[in-house]
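What follows is one structure encoded as structure tokens, with my remarks underneath.
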2 protein chains.
Amino acid sequence: MQKTTPERSYHHGDLRRALVDTALEVMREERNWQFTLREIARRAGVSHAAPYKHFPDKGALLTELAMIGFDQLRTALIQAQSDAGGEPREVLLPMARAYVDFGIANPALYSLMFGAESRNQCDVHLGENAISVFDTVVDVLGRGQSDGVFRRRPVRDHATACWSLLHGMTMLAIDGLLLPEKVGLEPLKAAFGTLMEGIASEYEAAETPDLR
Amino acid sequence: MQKTTPERSYHHGDLRRALVDTALEVMREERNWQFTLREIARRAGVSHAAPYKHFPDKGALLTELAMIGFDQLRTALIQAQSDAGGEPREVLLPMARAYVDFGIANPALYSLMFGAESRNQCDVHLGENAISVFDTVVDVLGRGQSDGVFRRRPVRDHATACWSLLHGMTMLAIDGLLLPEKVGLEPLKAAFGTLMEGIASEYEAAETPDLR
DNA sequence: GAGCAAAAGTAAGCGCTGTCAACATATGTT
DNA sequence: AACATATGTTGACAGCGCTTACTTTTGCTC
């Protein structure tokens with residue numbers, strides 16, 4: 001979609017939203033790009049100082065981007081959960097896939113959301129959003145234990161294992177360290193299979209459904 | 001140790017090593033610090049252009065730091081393996097702990113070693129070092145399968161799960177997202193326990209030895 | 001419609017960064 | 001001693017984050 005117009009009045013009209021949208025677009029499309037506020041302003045067609053009328057500093061814009069990222073991740077997880085039905089054992093892999101796929105599709109945004117380096121210049125409350133992902137996993141695992149389909153081990157132990165593995169896999173994928181010749185073509189399915197053998201009660205080694 | 005001397009001749013004598021040592025020190029001791037070459041030069045007591053006589057650019061110094069980090073991580077893993085004896089089942093948790101402890105003790109260095117953002121400005125061969133960690137895990141798991149103490153599943157599936165979980169846990173710890181009230185005081189032991197139930201054959205739920 | 005305040009732009013500046021070029025100083029070799 | 005090389009320094013450039021002062025537009029009140 002072509003957004004550039006030959007002329008723009010002195011007042012942009014909706015610069016705040018334009019800065020956010022432009023930033024999301026650049027973060028998604030330009031890999032290996034070092035985020036700079038001046039570049040965002042340039043692409044939005046305003047001077048380098050204009051953003052400071054809408055955001056106190058660079059960190060405030062980054063915080064907004066991260067919050068949007070958490071919203072999108074939450075939506076993806078809920079959608080995966082809803083698509084897979086209510087059975088905890090059937091829901092974990094689709095949710096795991098939604099999580100990793102989100103990170104792979106939005107590498108810069110994902111790193112912004114979970115990385116302390118970027119969170120140093122953001123609102124500290126982002127940590128709460130990051131940790132709410134953990135709570136989502138605890139939820140599903142807890143229901144699985146109630147149903148008797150997951151092993152009776154402290155649910156947070158299972159959840160810690162789940163989140164660590166998913167976060168690690170996402171970061172490794174983003175950083176280009178999951179080479180097919182080393183980890184195969186379906187590393188998430190493979191690794192998650194190993195983990196599920198440690199989580200599920202009397203777990204069958206049968207192929208789990210691939211909802212890709 | 002006080003390194004500052006009141007006077008230094010025009011020729012430093014060993015500036016390359018001083019820059020590397022200074023950078024490692026700053027990365028380890030100053031959390032939340034944004035790495036700048038000028039700051040390293042200042043602390044080494046030379047002008048901002050002096051490093052360019054020893055490193056073509058900033059990325060070259062970062063590459064050297066990452067290589068040192070991989071050497072240190074490799075040493076820590078070998079040490080843990082050697083301390084725990086040769087039995088694969090007894091060696092995984094100590095190695096896992098050595099891995100995560102290394103990351104927690106060297107957060108900036110660890111992020112440099114494994115993060116693509118920093119590796120963009122480094123030598124691309126760093127990826128080989130990163131992936132050699134995976135090979136280490138494959139080794140131990142392979143021996144465990146030969147011994148019959150690990151489940152007969154493609155060893156790289158187990159290794160992918162192991163590395164992902166360890167990398168994820170290290171990154172989450174570095175980024176301050178492993179809150180004790182959420183994951184307990186021993187998240188590695190807990191999460192690794194869950195994973196080991198999916199890896200080990202007829203895994204006992206008994207406490208694994210804590211070599212801390 | 002006039003007058004005013006506020007919002008939201010711009011231009012310019014400051015201090016920091018990475019990197020380069022030219023020059024200065026020390027070292028090693030013949 | 002002369003020369004080449006290594007290794008420092010100084011100064012400059014372009015870009016960054018952020019601030020200040022100014023300009024333009026908008027919204028509100030009378």
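Order of the sequence lines sets the chain letters (A, B, ...), proteins ahead of strands, with each chain counted from 1.
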> When the distance from CZ of B:Arg16 to C1' of D:dG8 is rounded to whole Å, what number comes out?
Replying inline: 17 Å
> What is the minimum heavy-atom distance between B:Leu185 and B:Pro180, and which atoms define it?
Replying inline: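 Residues B:Leu185 and B:Pro180, closest heavy atoms: CD2-CB, 3.8 Å.
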>> Looking at every heavy atom in both B:Pro94 and B:Val91, which two are closest together, and how far apart are they?
In response: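 Result for this residue pair: CD-O, 3.4 Å.
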>> Taking the ring centre of each residue, are A:Phe70 and A:Tyr110 less than 6.0 Å apart?
In response: no
> What residues form a side-chain hydrogen bond (donor to acceptor under 3.5 Å, both in side chains) with A:Asp71, not counting sequence neighbours?
Replying inline: A:Arg74
>> So if I define the base as every atom that isn't primed, P, OP1 or OP2, how would nucleotides 10-21 of chain D read as a B/S/- string at a heavy-atom cutoff under 4.0 Å?
In response: BBB---BBBB--
>> Tell me every residue that passes ring-ring contact (aromatic ring centres under 6.0 Å, His included) with A:Phe134, counting only those two or more places apart in sequence or in another chain.
In response: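 Per chain and number, A:Phe134 pairs via ring-ring contact (aromatic ring centres under 6.0 Å, His included) with A:Trp163.
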>> Using the ring-ring contact (aromatic ring centres under 6.0 Å, His included) criterion, which residues pair with B:Phe102? Sequence neighbours excluded.
In response: none
> How would you give the extent of chain A contacts on DNA chain C, as first and last nucleotide 5' to 3' within a 4.0 Å heavy-atom cut-off?
Replying inline: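 Reading along DNA chain C, I get C:dA7 to C:dG13.
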> Who passes side-chain contact (heavy atoms from CB on, under 4.5 Å) against B:Pro88, sequence neighbours left out?
Replying inline: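 B:Val140, B:Arg143, B:Asp147, B:Phe150.
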>> As an exercise, state the distance from OG1 of B:Thr63 to CG of B:Leu112, rounded to the nearest 0.5 Å.
In response: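 Going from the OG1 atom of B:Thr63 to the CG atom of B:Leu112 covers 7.5 Å.
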